[in-house]
Amino acid sequence: MTHISSFALLLSLVAAVASGQEAAEPKPAEMNRLEQKLSDQLTGAQLKGSFTVSDDDPGEAGPRLRNESYDLAEVRKLANGQWLFKARIRYGENDVTLPLTLPVEWAGDTPVVVVNEIGFPGLGTYSARVMFFKDRYAGYWQGKTHGGHLFGNIAKTKQQANDAPTQ
């Protein structure tokens with residue numbers, strides 16, 4: 001079984017849950033200053049980094065790093081308190097674009113995507129935490145028999161950077 005990063009797994013797993021929702025565009029919610037900052041930071045951003053898997057070959061010096069990349073077209077809070085992530089997820093040979101509904105909690109001024117033991121047919125049950133701070137993301141993921149860490153940089157895509165107003 002090909003292992004994927006926790007955030008990609010998190011997004012893929014939540015997509016399975018979100019696919020059962022109505023096809024209509026979810027209503028946006030009013031956002032406070034920190035929520036607006038998160039939306040502004042992640043909309044049009046690319047998350048590019050690495051993840052580990054705890055069941056990598058024990059004969060190796062440690063878990064090896066694997067690449068991951070996510071393009072976030074839009075991230076915003078919904079009226080139901082969840083967040084919409086319109087994401088392109090790339091890892092290994094996989095490349096998918098999905099609208100995802102995810103929970104976001106706050107540790108003070110730091111947003112954290114939280115998933116608790118969500119079961120997915122054929123894949124197992126997973127939990128994850130992914131936090132965003134300044135221009136970085138980091139987290140942890142755990143399945144029944146394996147888990148790992150993930151981390152990387154948050155940067156606006158070239159198109160978004162070109163569209164930004166000049167001061």
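- Interatomic distance, Lys156 NZ to Thr43 OG1, rounded to the nearest 0.5 Å: 6.0 Å.
- Side-chain contact between Leu72 and Leu47 is present, with heavy atoms from C-beta onward closer than 4.5 Å.
- The backbone N or O of Gly147 lies less than 3.5 Å from a partner atom in the side chain of Ser54, making a donor-acceptor pair.
- The shortest side-chain heavy-atom distance between Val75 and Leu84 does not fall under the 4.5 Å cut-off.
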Could you walk me through whether Phe132 and Leu42 satisfy the side-chain contact (heavy atoms from CB on, under 4.5 Å) test, starting with their C-alpha distance in whole Å, then the side-chain angles of each, then the deciding distance to 0.1 Å, before giving a yes or no?
CA-CA 9 Å; Phe132 302 97; Leu42 295 182; 4.1 Å; yes
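- A salt bridge links Arg76 with Glu74; the closest basic N to acidic carboxylate O contact falls under 4.0 Å.
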Take Phe133 and Ile154, measure what side-chain contact (heavy atoms from CB on, under 4.5 Å) needs, and give me the verdict at the end.
CA-CA 9 Å; Phe133 185 71; Ile154 304 167; over 6 Å; no
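- Within the 4.5 Å cutoff, the side chain of Glu68 has no heavy atoms near those of the Ser50 side chain.
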One pair to check against side-chain hydrogen bond (donor to acceptor under 3.5 Å, both in side chains): Gln36 and Asn32. What are the steps and the verdict?
CA-CA 6 Å; Gln36 187 63 55; Asn32 66 35; over 6 Å; no
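- The aromatic rings of Tyr70 and Tyr137 sit perpendicular to each other, their planes meeting at more than 60°, with 30° as the lower class boundary.
- Closest approach of Glu30 to Lys77, counting heavy atoms only: O-CD, 4.1 Å.
- No side-chain heavy atom of Arg66 sits less than 4.5 Å from a side-chain heavy atom of Thr52.
- Between Met131 and Tyr140 the shortest side-chain heavy-atom distance does not fall below 4.5 Å.
- Using a distance-only test at 3.5 Å, with no hydrogens or angles considered, no donor-acceptor pair links the side chain of Glu35 to the main chain of Ser39.
- Counting only heavy atoms from C-beta outward, the side chains of Gln46 and Ser69 approach each other to under 4.5 Å.
- Residues Phe85 and Val104 have side chains in contact (heavy-atom distance under 4.5 Å, counting atoms from C-beta outward).
- Note that CZ of Arg88 is 11.5 Å distant from OG1 of Thr157, once rounded to the nearest 0.5 Å.
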Please step through side-chain contact (heavy atoms from CB on, under 4.5 Å) for the pair Asn116 and Arg129, ending with a clear verdict.
CA-CA 9 Å; Asn116 289 315; Arg129 304 292 186 272; 2.6 Å; yes
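- In this structure, Leu38 and Leu34 have side chains that are not in contact, with every pair of non-hydrogen atoms separated by 4.5 Å or more.
- Under the 30°/60° scheme for interplanar angles, the aromatic rings of Trp83 and Trp106 are found to be tilted.
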